[in-house]
Amino acid sequence: MSENKNVATVDVAKKYKKKSQTADIVKRLFRNKSAVLGMIIFLCIIVIALSADFLFDYEQDVIKQDIMNRLQGPSSEHWFGTDEMGRDIFARVLYGAKYSLKIGFSASIVSLAIGLVIGAVAGYYGGWIDMVVMRIMDVLLAIPGTLLAIAIVASLGSSVNNLIIAMSVSGIPGFARIVRSSVLTVKDNEYIEAARAIGATDRTIIFGHVLPNGMAPLIVQATLRVASVILSTAGLSFLGLGVPAPHPEWGALLTNARSYIRDYSYMCLFPGLAIMTTILSLNLFGDGLRDALDPKQK
Amino acid sequence: MSEVLLDVKGLKKYFTTKRGLLHAVDDVTFTIEKGKTLGVVGESGCGKSTTGRAILRLHEPTGGQVLFEGQDVAKLNATELRHKRKEMQIIFQDPFSSLNPRKTVSQTIEEPLKLHKLIPDKQKRLEKVLETMETVGLAERYINTYPHELDGGRRQRIGIARALALDPKFIVCDEPVSALDVSIQAQILNLMNEIQEQRGLTYMFITHDLSVVNHFSDDIAVMYLGKLIEKAPSEVLFANPVHPYTQALLSAIPLPKLGARKERILLKGEITSPINPAPVCRFANRCQYATDRCRSEEPQLKEIETGHFVSCFLCE
Amino acid sequence: MSDKKYAVEVNDLVVEFKTDEGIVHALNGMDLKVENGKTLGLVGETGAGKTTTALSILRLIPSPPGKIVGGQIKLAGEDLFSKTEDEMRKIRGKAVSMIFQDPMTSLNPVLTVEEQIAEVIELHEDINHAGAIQKAKEMLELVGIPGERGTEFPHQFSGGMKQRVVIAIALACNPTLLIADEPTTALDVTIQAQVLDMMRGLRDKYGTSMIMITHDLGIVAEICDTVAIVYGGRVVEYGTLEDVYNNTRHPYTEGLFNSLPNLDDRAAKLKPIRGLMPDPTNLPEGCTFCDRCDYATEICKTVKPKRVYRNEEHYVECHLYDEESVKTGGKIGK
């Protein structure tokens, strides 16, 4: 093992660079036009949400009432018009994006993390652990998600954080089930047995072999879950259980506008459009991601 | 007499199913000498793969002893077992599902070294990976490729390299060439032969292909529905098969020669269920020589000549 | 030579598949013919084009990505490519039927086996349901399964029995040509022996012509009359069993035989064919086998070998031979 040889091995490893699997996936994703469209729209929405603070002042533009200018139609001064308190709807929709995305992302990530652990343990160990854990998940699933969230928010009080908790809890069973079924599929492969044969521990097997191969449906589910959380939050706010007034959450904006729908329909139109565009873009992106991650397409 | 490496005594593996206890491996006893190859043949469901996996404790044996160099593998605790795995390895049948699709060739081969912290130095480990790749005939340019970029033969070489990386003494080869094309199959068989000669490895070679097992093994064990029914040195078994099932099995091999067709023994009758089997001969239903005794009593494995074991009432 | 009747003739068939990696040249001038009542063995490795040939005869090449670029297929003298899709439907299952490799997945799990056999009969024959079921039971008896088991579902059958059911379906309408794609690969040796025995019996009884797709030269020796060795989407050697087994000419055929373990001589070392099949998206300019051939010369790399006949039937595509040397030949390498 001379020094020369050492140098040689480094060269070999460098010379034959590995082809990135992520690059492959991205390439396939970009081939799908509707996925790219979804991604672009969603990126724009994120940028808008992040820049809301720089564009408008929360106290002045978003929640401050200005009765003089109430219920004005869209104009060059108020692009989306103003509401019954004279607040600029454009500013409120923009700030609404911030709330909606925050709740959507946080709730999805929390459910993903908890569901991942629960599903992986249940799927990998099987037997009575699987039985007990999955029956608990079934019970959670048997309660309609919105109803569960309503119950949680009703008992904890309505605030953004409680909303996130409610949405996270109702998302866990879905993730747990997906993780469990993909663990079960991957677990049957001989390379899992091979890993055990070379002396790998359960932890290495789960995190090194099982999960990396079962991630694809999970990533897709997470994307779609963001969309459904945004929708549910809007629904809850619509029922008066979401983000409390005067904060501008999209669902709350819609509830507000409901009473004026006959004469001032633009008040409903813009928050509605915002919700629709976001959900549509996420779903397009999620579907494209599913196709890109599916190895069968190779 | 050379040294016995593996001594399997009364190995049992039962699976609980909805319909009862499935006797996958039932009271199997054999030895493998150091540096030799034992071929295990039989049809699907005869328990040959389960036997291999029970020896390595990839399936927990239900009963019996597996003495590896005199030490009972079946009694090791989890940590001891992990260490023992350095000495006993396995090569799998399916070159597609036996490799993690998200690991490159070098990641797959170095994983066992990392797990056992054998070569802590990254540089030296890479050297070992390259050395192993060379042994199995994988060009170094494949070091960072993923399995899906390679063909079946090369993937199988990765599987062999992974097993060899720990320098084991004993390898269970579970149908390592069945999924490969004829010309590639011969390449892999030759490779495994060379490695055995170089390293003095001991193989347990599980297959359903009788011509391959004849070429490859020193001894052959024939299994039928969880039972070992005949074991003999390869020449003896092919020249003088005693058990009626072995005879039928050998006569069924299609020979790639003209005019070579032998008188074929066609088996009739239904295969006995391996779930809660009665203590009788399990082949009796399909056996042309079966007597009342075969249907009421279970034959035991007997040595009829040196090294030739048969479990049949016919040879008593 | 010309008064022989052929069940099927494939002439110079070229099939391509478009994929992301480029155009896969699956068949590059495939030629084969099966005489009425005879059996042809189609031998080759994975990706040689065996199954593509079979699917072309049924006109079942998925398109896209597949495309028949050129050539001709004649079924009992009639041009297959001029048929309409309606006419093809009548041919499939009736004149030509196919047995697939995996008996486990080619049966419908929710229908009883007799219903599955009766379905084919009803599609192609003017017969009522009761009559079709009756005939289905007869077919089951024919393949060695008691007729009363017809009311059972596929999962109640063993692998060998399922393959018998598949064969019963294939033979139900008394086809003139039966294509069997590795029919026994998924079966155990003793079961394989039973199934082959049965197929041979039925073929002889009904005078069915057959194409047996396999990689097992042992099976070919047992059941076929002629054999075509396929490599890189072309037939590289064709002849009667006698021609190909005892007067082997092509180096690839020789390589296949040498790769097989010899049952009579355990000590004999295997002589594998070195290297791998060429990439079908990028086939060599000359002989497709030249990269792996021990006898390859300069000409092999650039010029496609012409067909040389040893006798009326037996031909080989290899630069090693000319009209004269192919006859004397003896062993390869002169």
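Numbers restart at 1 for each chain; the letters A, B, ... are given by sequence-line order, proteins then strands. In what follows, every heavy atom counts, from backbone to side chain, and hydrogens, waters and symmetry copies are set aside.
Note: B/His59 and B/Phe15 have perpendicular aromatic rings, judged against thresholds of 30 and 60 degrees for the angle between ring planes.
Listed options B/Ile90, B/Val172, B/Leu115 were ranked by heavy-atom pairs under 4.5 angstrom with chain A; first place goes to B/Leu115. Among A/Ala200, A/Pro212, A/Ala197, A/Ala194, the residue with the largest count of heavy-atom pairs under 4.5 Å with chain B is A/Ala197. Highest contact tally toward chain A, considering only B/Leu56, B/Thr108, B/Ile91, B/Asp94, is held by B/Asp94 [criterion: heavy-atom pairs under 4.5 Å]. Note on B/Gly159, B/Ser106, B/Ala163, B/Ser98: by heavy-atom pairs under 4.5 Å with chain A, the leading option is B/Ser98.
For B/Leu166, the part lying under 4.5 angstrom from a heavy atom of chain A is the side chain only. For B/Arg57, no part lies under 4.5 angstrom from a heavy atom of chain A. Proximity to chain A (any heavy atom under 4.5 Å) is restricted, for B/Lys103, to the side chain, taken from C-beta onward.
If you look at B/Phe205 and B/Phe216, their ring centroids are closer than 6.0 Å.
When the shell of 6.0 Å around NZ of B/Lys114 is examined, it contains 12 or fewer heavy atoms from other residues, nucleotides or ligands.
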**OP:** Would you sort out whether A/Asp202 and A/Tyr124 count as a side-chain hydrogen bond (donor to acceptor under 3.5 Å, both in side chains), showing the intermediate values?
**Re:** CA-CA 9 Å; A/Asp202 283 349; A/Tyr124 184 75; 3.1 Å; yes
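Using a 4.0 Å cut-off between a side-chain N of Lys or Arg and a carboxylate O of Asp or Glu, B/Lys75 and B/Glu80 do not qualify as a salt bridge.
Only one option out of B/Asp121, B/Ile119, B/Leu118 pairs with B/Lys128 in a side chain to side chain contact (heavy atoms under 4.5 Å, CB included); it is B/Ile119.
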